[in-house]
J.: 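Before I ask anything, here is the structure I am working with.
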Amino acid sequence: LSSDTGTKSPIGKSVVRIFDKKYNKLLETQVTDEKGRYGFFATKGLYYVTAEKPGYDKYLSTDIDLRQAKNAVVDQRIGLTAKKA
């Protein structure tokens, strides 16, 4: 879920990307729906997620460790902070 850190309102049409941490390789890109939702199917591995939307600072997640998981959906909460004028 992508939301504004100040207002907590969902942010639609954010560009969210998931990367393989080991190779720093882009795996998939999605655009959030009007409620800020997205989701990536992932297998065992170490990942990170970025999110971007005009008017907001770029988001970079902490490492998402799925090395012990068989299959998982990456859909963590993303808080985008509005850029200061």
J.: Please round to the nearest 0.5 Å and tell me the distance separating atom CD of Glu28 and atom CZ of Arg17.
T.: 12.0 Å
J.: Compile the donor-acceptor pairs under 3.5 Å between side chains in residues 33-40 and protein atoms, sequence neighbours left out, one pair per line.
T.:
from, atom 1, to, atom 2, distance (Å)
Asp33, OD1, Lys35, N, 2.9
Asp33, OD1, Gly36, N, 3.1
Asp33, OD1, Arg37, N, 2.9
Asp33, OD2, Arg37, NE, 2.8
Asp33, OD2, Arg37, NH2, 2.9
Tyr38, OH, Gln76, N, 3.2
Tyr38, OH, Gln76, O, 2.7

J.: What is the minimum heavy-atom distance between Val31 and Lys13, and which atoms define it?
T.: CG1-CA, 3.4 Å
J.: Which distance, rounded to the nearest 0.5 Å, do you find between the CG of Leu26 and the CG of Asp20?
T.: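 With rounding to 0.5 Å, CG (Leu26) is 10.5 Å from CG (Asp20).
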J.: Please report the interatomic distance CG(Asp4) to CD1(Ile11), rounded to the nearest 0.5 Å.
T.: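 Going from the CG atom of Asp4 to the CD1 atom of Ile11 covers 5.0 Å.
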J.: Under 3.5 Å, side chain of Ser14 to main-chain N/O of Ala51, donor-acceptor pair present?
T.: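 No, because the side chain of Ser14 does not come within donor-acceptor range (under 3.5 Å) of the backbone of Ala51.
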J.: Start with the C-alpha gap between Thr50 and Lys58, add the side-chain angles, then the distance that decides, and say whether side chain to side chain contact (heavy atoms under 4.5 Å, CB included) holds.
T.: CA-CA 7 Å; Thr50 65; Lys58 183 176 180 179; 4.0 Å; yes
J.: Considering only distance and modelled atom types, tabulate donor-acceptor pairs under 3.5 Å from the side chains of residues 77-85, sequence neighbours left out.
T.:
from, atom 1, to, atom 2, distance (Å)
Thr81, OG1, Thr5, OG1, 3.1

J.: Do Thr32 and Val16 make a side-chain contact, defined as non-hydrogen atoms from C-beta onward lying under 4.5 Å apart?
T.: yes
J.: Can you tell me how far apart CZ (Phe41) and CG (Asp75) are? Round to the nearest 0.5 Å.
T.: 9.5 Å
J.: Name all pairs fulfilling the ring-ring contact (aromatic ring centres under 6.0 Å, His included) condition that reach into residues 48-85, sequence neighbours left out, sorted by first residue then second.
T.: Phe19-Tyr48
J.: If hydrophobic clusters are built by linking Ile, Leu, Val, Met, Phe, Trp and Tyr wherever their side-chain heavy atoms come under 4.5 Å apart, do Leu60 and Ile64 end up in the same one?
T.: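 No, Leu60 does not connect to Ile64 through the hydrophobic network.
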J.: So do Leu66 and Thr43 actually touch side chain to side chain, heavy atoms under 4.5 Å?
T.: no
J.: Identify whether the distance between the nearest side-chain nitrogen and carboxylate oxygen of Asp63 and Lys21 falls below 4.0 Å.
T.: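 Between Lys21 and Asp63 there is a salt bridge, with a charged N closer than 4.0 Å to a carboxylate O.
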J.: Hey, is the main chain of Pro10 close enough, under 3.5 Å, to the side chain of Ser3 for a donor-acceptor pair?
T.: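 The answer is no, because no donor-acceptor pair under 3.5 Å joins these two groups.
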J.: Nearest 0.5 angstrom please: Arg67 CZ to Lys44 NZ, how far?
T.: 12.0 Å
